[in-house]
Amino acid sequence: MLKKERYREFVEYFSTHNPEAQTELNYSNPYELLVAVILSAQCTDKRINQITPALFDRFPEVDALAASSVEEIFSYIRSVSYPNNKAKHLLGMAQKLIAEFQGEVPEKVEDLVKLPGVGRKTANVISSVVFNKPAMAVDTHVFRVSNRLGLTSRATTPLAVEKQLVKFLPKETIAIAHHWLILHGRYICLARKPKCEICPITYFCKYFEKTYQQKAG
DNA sequence: ATCCCGAGGG
DNA sequence: CCCTCTGGAT
């Protein structure tokens, strides 16, 4: 199957079966989403959702977070991955938001990545989810699933995957396709043992084709 | 042992 | 490009 056809099948299937796909991180405003996404690095969303209620209760606004300390923030996030780094990033992020962005989460990716703890992936999440921009955030799931399905070819870096997805996906589906890929990777196309036996989209999957297709003759 | 919505620094 | 950070689930 041609790559172009895989894209068509991909959009056709998920726009029909999951037109409301969205993040599973709990948040109620851009500031909270930014904090949650920074915390989510190398950590399950489920774990993040377990600790953010107390965190947001203590730091309901950017100002409260900026006025805190690495030690106090650490005490709220000690059960996530890399709590020391993330405590420093959150404090620095909050202080920079106030110093340079009037306490508001900026809209441009180029501004977002200036914030401590915010790399390209996090910036693209904020850009697409908060500001409805056609940005593709490539995390471990998007990277793995795109390559398995055959939506990308010879893409060895997250940036290469991002460029190909943005190029070949219909513009209006880029933001939601991020969530389609995440959710598919999280529940079906698992990293260690993909559940091909229950996967509904093997009919256009390159990985399934290569792995399970009977050889002629 | 490997993975989870990575980022920063060398 | 590489390495480090670093907790919990499977």
Side-chain angles (χ1 to χ4, degrees), chain A residues 14 18 20-27 30-52 54-55 70-71 73-97 105-106 109-131 133 135-149 151-152 154-162 165-166 169 174-195 207:
Chain A
F14 284 104
N18 200 352
E20 308 293 329
Q22 57 182 311
T23 180
E24 293 186 331
L25 289 169
N26 295 333
Y27 69 100
Y31 152 72
E32 290 190 359
L33 179 63
L34 181 54
V35 170
V37 176
I38 289 174
L39 288 174
S40 72
Q42 295 298 297
C43 199
T44 60
D45 284 9
K46 191 176 294 184
R47 171 144 301 278
I48 299 308
N49 289 335
Q50 288 172 356
I51 65 110
T52 45
L55 186 68
V70 171
E71 290 74 19
I73 297 171
F74 176 89
S75 71
Y76 284 87
I77 67 171
R78 58 167 66 252
S79 69
V80 308
S81 301
Y82 320 134
N84 269 306
N85 284 348
K86 288 173 181 175
K88 291 175 192 167
H89 290 159
L90 288 181
L91 181 62
M93 179 276 286
Q95 294 177 341
K96 190 154 189 171
L97 265 190
V105 177
V109 168
E110 58 189 270
D111 286 330
L112 286 163
V113 295
K114 291 176 185 170
L115 300 169
V118 180
R120 187 168 186 84
K121 177 258 172 177
T122 299
N124 278 328
V125 170
I126 300 301
S127 179
S128 61
V129 175
V130 175
F131 299 107
K133 297 285 187 60
M136 173 56 70
V138 179
D139 65 11
T140 181
H141 293 306
V142 174
F143 185 82
R144 180 183 69 253
V145 176
S146 297
N147 281 326
R148 278 193 184 150
L149 286 177
L151 297 179
T152 54
R154 295 184 295 281
T156 56
T157 67
L159 185 58
V161 168
E162 176 187 333
L165 291 176
V166 168
L169 282 169
I174 292 174
I176 195 170
H178 165 74
H179 298 296
W180 290 338
L181 291 164
I182 294 262
L183 295 172
H184 189 65
R186 183 175 299 163
Y187 297 111
I188 294 179
C189 197
L190 309 186
R192 280 174 284 198
K193 196 178 187 310
K195 300 182 177 179
Y207 175 86

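Note: hydrogens, waters and symmetry copies are ignored here, and every other heavy atom, side chains too, is used. Letters go in sequence order (proteins before strands), and every chain restarts at 1.
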Legend entry - Any N/O donor-acceptor pair, A:Thr23 side-chain to B:dC5 base, under 3.5 Å: yes
Inset, instruction - Rounded to the nearest angstrom, tell me the gap between atom CG in A:Asp139 and atom C1' in B:dA7. - result: 14 Å
Legend entry - First encountered from the 5' end of DNA chain C, between A:Cys43 and A:Lys46: A:Cys43
Inset, instruction - Nearest whole angstrom, please: distance from the P of B:dC5 to the CD of A:Gln22. - result: 16 Å
Inset, instruction - Looking at every strand, decide which applies to A:His178 at a 4.0 Å heavy-atom threshold: base, sugar-phosphate, or nothing. - result: base
Inset, instruction - Respond yes when some side-chain nitrogen or oxygen of A:Thr140 is under 4.0 Å from OP1 or OP2 of B:dC4, and no when none is. - result: yes
Inset, instruction - Between B:dC5, B:dA1, B:dG6, spot the one nearest the side chain of A:Arg192, thanks. - result: B:dA1
Legend entry - Phosphate OP1/OP2 of C:dT4: any A:Asn85 side-chain N/O under 4.0 Å: no
Inset, instruction - With heavy atoms under 4.0 Å as the rule, sort A:Leu115 into base, sugar-phosphate or nothing. - result: sugar-phosphate
Legend entry - Rounded interatomic separation in angstrom, taking CD1 from A:Ile48 and P from B:dC3: 19 Å
Inset, instruction - Looking at every strand, decide which applies to A:Asp45 at a 4.0 Å heavy-atom threshold: base, sugar-phosphate, or nothing. - result: base
Inset, instruction - Look at A:Ser40 and B:dC4 and indicate whether a side-chain polar atom (N or O) is within less than 4.0 Å of OP1 or OP2. - result: no
Legend entry - Ring-on-base stacking C:dT6 with A:Tyr82 (under 5.5 Å, under 30°): no
Inset, instruction - Report yes if some heavy atom in the side chain of A:Thr23 is under 4.5 Å from a heavy atom in the side chain of A:Val37; otherwise report no. - result: no
Inset, instruction - Would you check if A:Val105 and A:Val130 make a side-chain contact, meaning some heavy-atom pair closer than 4.5 Å? - result: no
Legend entry - A:Trp180 side-chain N/O to A:Ala21 backbone N/O, donor-acceptor pair under 3.5 Å: no
Inset, instruction - Assign A:Pro83 to base, sugar-phosphate, or nothing according to its heavy-atom contacts below 4.0 angstrom with the strands shown. - result: sugar-phosphate
Inset, instruction - For B:dC5 and C:dT4, measure between their P atoms and round to the nearest Å. - result: 24 Å
Inset, instruction - In whole angstrom, give the distance that lies between atom CG of A:Leu159 and atom C1' of B:dA7. - result: 15 Å
Legend entry - Short side-chain N/O contact from A:Arg78 to OP1 or OP2 of C:dG7, under 4.0 Å: no
Legend entry - Distance, rounded to the nearest Å, where A:Ile38 contributes CD1 and B:dC4 contributes P: 21 Å
Legend entry - Interatomic distance, A:Leu39 atom CG to A:Leu25 atom CG [nearest 0.5 angstrom]: 9.0 Å
Inset, instruction - Select one nucleotide: of C:dG7, B:dA7, B:dC5, the one nearest the side-chain heavy atoms of A:Ser81. - result: C:dG7
Inset, instruction - Quickly work out the A:Ile77 CD1 to C:dG8 C1' distance and round it to whole Å. - result: 15 Å
Legend entry - Short side-chain N/O contact to B:dC4 OP1/OP2 from A:Arg47, under 4.0 Å: no
Inset, instruction - Would you mind classifying the nucleic acid contact of A:Ser79 as base, sugar-phosphate or nothing, using non-hydrogen atoms under 4.0 angstrom? - result: sugar-phosphate
Inset, instruction - Would you mind reading off the distance between A:Tyr27 atom OH and B:dC5 atom C1', rounded to a whole angstrom? - result: 13 Å
Inset, instruction - Give a yes/no on whether any side-chain N or O of A:His141 is located under 4.0 angstrom from OP1 or OP2 of B:dC4. - result: yes
Inset, instruction - Can you label the angle between the A:Phe14 ring and the A:His184 ring as parallel, tilted or perpendicular, going by 30° and 60°? - result: perpendicular
Legend entry - Side-chain heavy-atom pair A:Lys88, A:Pro116 within 4.5 angstrom cut-off: no
Legend entry - Rounded interatomic separation in angstrom, taking CD1 from A:Ile176 and P from B:dC5: 18 Å
Legend entry - Whole-angstrom distance between C:dC3 and B:dT2, as gauged at atom P: 16 Å
Legend entry - Given DNA chain B, 5'-ward residue of the pair A:Ala191 and A:Gly117, judged by closest heavy atom: A:Ala191
Inset, instruction - Any chance you could measure A:Met136, atom CE, to A:Leu159, atom CG, to the nearest 0.5 Å? - result: 13.0 Å
Inset, instruction - Remember a base hit wins even if backbone is also touched, and classify A:Val37 as base, sugar-phosphate or nothing at under 4.0 Å, heavy atoms. - result: nothing
Inset, instruction - Using the P atoms only, state how far C:dT6 lies from B:dG10, rounded to an integer number of Å. - result: 16 Å
